[in-house]
Amino acid sequence: MATQAEAAAMRHALALAVRGLGFTSPNPVVGCVVIDAAGRTVGEGYHQRAGGPHAEVHALRAAGDLARGATAVVTLEPCNHTGRTGPCAQALVDAGIARVVYAVGDPNPQATGGATTLRAAGVDVEAGLLEAEGEAANAAWLTSVRRGRPHVTWKYAATLDGRTAAADGSSRWITSAESRADVHRLRAECDAVVVGSGTQRADDPHLAVRGVEGARQPLRVVVDTHGTAVRPGARVLDDAAPTLIAVAADAAPVPSGADTVRLPRAAGGLDIAALLAALHARGVRSVLLEGGATLAGAFVAAGAVDRVVGYLAPALLGAGPAVLSGGGITTVTEALRLDMTEAVRVGPDLRITATLATKEH
Ligand SMILES: NC(=O)c1ccc[n+]([C@@H]2O[C@H](COP(=O)([O-])OP(=O)(O)OC[C@H]3O[C@@H](n4cnc5c(N)ncnc54)[C@H](OP(=O)(O)O)[C@@H]3O)[C@@H](O)[C@H]2O)c1
């Protein structure tokens, strides 16, 4: 049974872990807190960037000799493999750690087995402390390992009556400046930002991160079957971030000369599963889908939306396109039901976050 001090340490380790969001891909985010027999923190750390030391290594370094006989509380099962850094399970054994408590087992076939190594070395191991919170913190990485495709967050902005544009098609600044700033934070946490050709034509979006200190820029992706929506001079073609245009296998070369990926066609445009597989192959573990309604419907129909973040403005339009179009749902019993994980005010707006279960059933 985990102690109260271990539970408190795990909460702190989770808070440390999420500081790495946006910086560790293709690795998970991980936090680690080392506590002594009295429950005092003697070392802590988190995985700050891919290629850098793992959380356990930071925490063990901070603890020094105090690690001997102490308990390491980690958000993810310590890894068992030698990658760019050594195996953490062995580092914990070498430091003299007596007990390891972790939240989520490592599903990565190359890294799993840390608990077995620890137990074989005589370390007391307990799994599953605050597991749901640990799953949520690492949702993007866990989805990408379990499903072999990036985790997808569909983000939209709408009026209280669910419109994303007015009857005349105007749609700029439905939500507040505060919500728009918040979207930049979301972008900074993802490896790629995706829009459809309709949004590209209507809005000429920029899609890079602005106003988030130290942010890593995501890959900007336009899903553009015929390769005609991104014109030379389009804002996505500036040098603020890399850009990829997804086109059909038989499309003519794109006029801008931008980087393209060629994909099979499907009903409505391109094959969404093939798009996600191509992004995964390029190292993308998390996608922010920024619309519009038609492309979002195709992602829903493909079973490729894991999380929805909706920004609702206290405004009414009465007419105009809805946030989601299509999706393959025809009757209420087929409604895609999600768990609301958060509802917060952002400036004058409401931000609602809802997720699908991350575990395979
Ligand atoms: N409020 C918001 O949150 C928000 C966000 C984004 C956009 N918008 C607004 O939404 C409007 C644009 O939305 P939209 O629905 O017209 O366009 P969209 O969803 O951005 O793009 C749809 C297009 O994507 C291409 N596509 C490629 N593969 C597809 C597939 N498998 N399934 C479906 N489409 C696929 C198709 O065009 P091709 O055949 O040319 O490839 C399709 O017409 C604009 O007015 C924009 O301002 C609002």
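Every number for a ligand or one of its atoms is a count from 1 in the order of the listing. Quick caveat, the model's predicted, so the values are computed rather than measured.
Counting atoms of ligand 1 from 1 in the listed order, those under 4.0 Å from a heavy atom of Tyr156 are 3 (O). Near Gly291, meaning under 4.0 Å from any of its heavy atoms, are these atoms of ligand 1: 6 (C), 20 (O). Remark: ligand 1 atoms within the under-4.0 Å shell around heavy atoms of Asp224 are 41 (O). Short contacts between ligand 1 and His226, defined as distances under 4.0 Å to a heavy atom of the residue, involve ligand atoms 39 (O), 40 (O). Residue Glu290 approaches ligand 1 through these ligand atoms, each under 4.0 Å from one of its heavy atoms: 5 (C), 6 (C).
Note: an N/O pair closer than 3.5 Å links Ala157 and ligand 1 by distance alone. At under 3.5 Å, a nitrogen or oxygen of Leu270, whether backbone or side chain, sits near a nitrogen or oxygen of ligand 1.
Using a 4.0 Å cut-off between charged side-chain N and carboxylate O, Arg282 and Asp259 make a salt bridge. Contact check on Arg146 versus Glu135 returns a salt bridge, with a Lys/Arg side-chain nitrogen under 4.0 Å from an Asp/Glu carboxylate oxygen. Ionic pairing of Asp182 and Arg187 is not present here: no N-O contact between side-chain nitrogen and carboxylate oxygen is shorter than 4.0 angstrom.
The shortest distance between side-chain heavy atoms of Val194 and Arg220 does not fall below 4.5 Å. Counting only heavy atoms from C-beta outward, the side chains of Thr225 and Arg265 approach each other to under 4.5 Å. Ile352 is not listed as a side-chain neighbour of Val309, based on a closest heavy-atom distance of 4.5 Å or more. At least one side-chain heavy atom of Tyr156 sits less than 4.5 Å from a side-chain heavy atom of Val308.
Here the heavy atom of the protein found nearest to atom 46 (C) of ligand 1 is Asp203 OD2, 3.4 Å. When hydrogens are left out, the protein atom nearest atom 32 (N) of ligand 1 is Ala298 CB, 3.1 Å; that is the closest non-hydrogen contact. In terms of protein heavy atoms, atom 25 (C) of ligand 1 is closest to Ser197 OG, 3.6 Å. Scanning the protein for heavy atoms near atom 18 (P) of ligand 1, the closest one is Gly292 N, 3.4 Å. Taking atom 19 (O) of ligand 1 as the reference point, the nearest protein heavy-atom neighbour is Leu295 N, 2.8 Å. With hydrogens left out, the protein atom closest to atom 4 (C) of ligand 1 is Thr164 CB, 4.4 Å, a heavy atom. For atom 35 (C) of ligand 1, the nearest protein heavy atom (residue, atom name, distance) is Gly268 O, 3.2 Å. Atom 17 (O) of ligand 1 has Gly198 CA, 3.3 Å as its closest protein atom, hydrogens excluded (heavy atom only).
Checking Ala202, Gly310, Ala251 against atom 44 (C) of ligand 1, the nearest heavy atom belongs to Ala202. Of the candidates Thr225, Thr175, Thr294, Thr294 brings a heavy atom nearest to atom 15 (O) of ligand 1. Checking Ile272, Thr199, Val194 against atom 20 (O) of ligand 1, the nearest heavy atom belongs to Thr199.
A donor atom on one side chain and an acceptor atom on the other are found under 3.5 Å apart for His206 and Arg210.
Distances shorter than 4.0 angstrom do not occur between any heavy atom of Val195 and any atom of ligand 1. In this structure, Ala293 counts as a contact residue of ligand 1, since one of its heavy atoms falls inside 4.0 Å of the ligand.
Of the candidates Asn27, Thr24, Thr75, Asn27 is the only one forming a side chain to side chain donor-acceptor pair (under 3.5 Å) with His47. No option in Leu207, Asp191, Val209 other than Val209 meets the side-chain contact (heavy atoms from CB on, under 4.5 Å) test with Pro218.
Side-chain N or O atoms of Asp161 include one that pairs as donor or acceptor with a backbone N or O of Gly318 at under 3.5 Å.
A cation-pi arrangement is absent between Arg307 and Trp154 under the rule of less than 6.0 angstrom and at most 45 degrees off the ring axis.
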